[in-house]
Amino acid sequence: MNVVVRGEDGVISFLVDQIGDVQQIDQANLEPLPDTLEGVSRAMLSGAYKMKDRLLLILDTERAMNITSTSD
């Protein structure tokens with residue numbers, strides 16, 4: 001499945017395993033990323049949100065698009 005994102009530099013498609021529920025997250029509830037997350041994965045994320053039974057990592061699509069476009 002693909003998720004198409006339009007950013008300042010154009011359009012990019014992300015290949016994903018599945019799409020879950022769309023969540024509204026209050027910025028005040030975002031937490032820093034876990035220290036165990038490193039490298040490119042950490043660079044593409046902007047924060048974490050603790051849910052009842054899991055941790056939701058927030059993808060920063062602009063960062064992800066820039067990392068993808070400059071890694072060639």
Side-chain angles (χ1 to χ4, degrees):
M1 183 177 298
N2 290 305
V3 175
V4 178
V5 177
R6 183 180 312 255
E8 289 182 12
D9 296 330
V11 177
I12 192 167
S13 175
F14 293 99
L15 179 62
V16 298
D17 293 328
Q18 69 181 36
I19 298 173
D21 297 330
V22 176
Q23 301 285 325
Q24 291 283 354
I25 305 296
D26 185 356
Q27 292 282 41
N29 294 331
L30 283 181
E31 298 186 13
L33 294 169
D35 293 333
T36 55
L37 193 60
E38 299 176 343
V40 175
S41 297
R42 185 177 191 85
M44 291 191 295
L45 300 171
S46 62
Y49 177 74
K50 286 184 184 174
M51 298 181 74
K52 184 176 183 177
D53 59 347
R54 59 188 153 179
L55 185 65
L56 178 66
L57 299 175
I58 309 300
L59 176 67
D60 184 321
T61 55
E62 286 294 327
R63 285 188 203 168
M65 290 174 69
N66 289 331
I67 289 171
T68 306
S69 64
T70 59
S71 64
D72 293 337

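This chain uses plain numbering: 1 for the first residue, then up along the sequence.
- Here I25 is tied into one hydrophobic group with L30, Y49, M51, L56, I58, each link being a pair of ILVMFWY side chains closer than 4.5 Å.
- Among residues two or more places apart in sequence or in another chain, the side chain to side chain donor-acceptor pair (under 3.5 Å) test is passed with N2 by S13.
- Identified under the side-chain hydrogen bond (donor to acceptor under 3.5 Å, both in side chains) test for residues 52-62, with sequence neighbours left out: D60-R63.
- Not counting sequence neighbours, V22 has no partner by the side-chain contact (heavy atoms from CB on, under 4.5 Å) test.
- Both V5 and I19 are members of a single hydrophobic cluster when ILVMFWY side chains are connected at heavy-atom separations under 4.5 Å.
- When hydrophobic clusters are built by joining Ile, Leu, Val, Met, Phe, Trp and Tyr residues whose side-chain heavy atoms come closer than 4.5 Å, directly or via intermediates, M1 is grouped together with F14.
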Distance-only criterion, 3.5 Å: show the donor-acceptor pairs between side-chain atoms of residues 31-45 and protein atoms not counting sequence neighbours.
residue, atom, partner, partner atom, Å
R42, NH1, P34, O, 2.7
R42, NH1, L37, O, 3.0

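- To the nearest 0.5 angstrom, S46 atom OG is 9.5 Å from L57 atom CG.
- Listed by first then second residue, pairs satisfying salt bridge (charged side-chain N to carboxylate O under 4.0 Å, His left out) with a partner in residues 13-30 number zero, not counting sequence neighbours.
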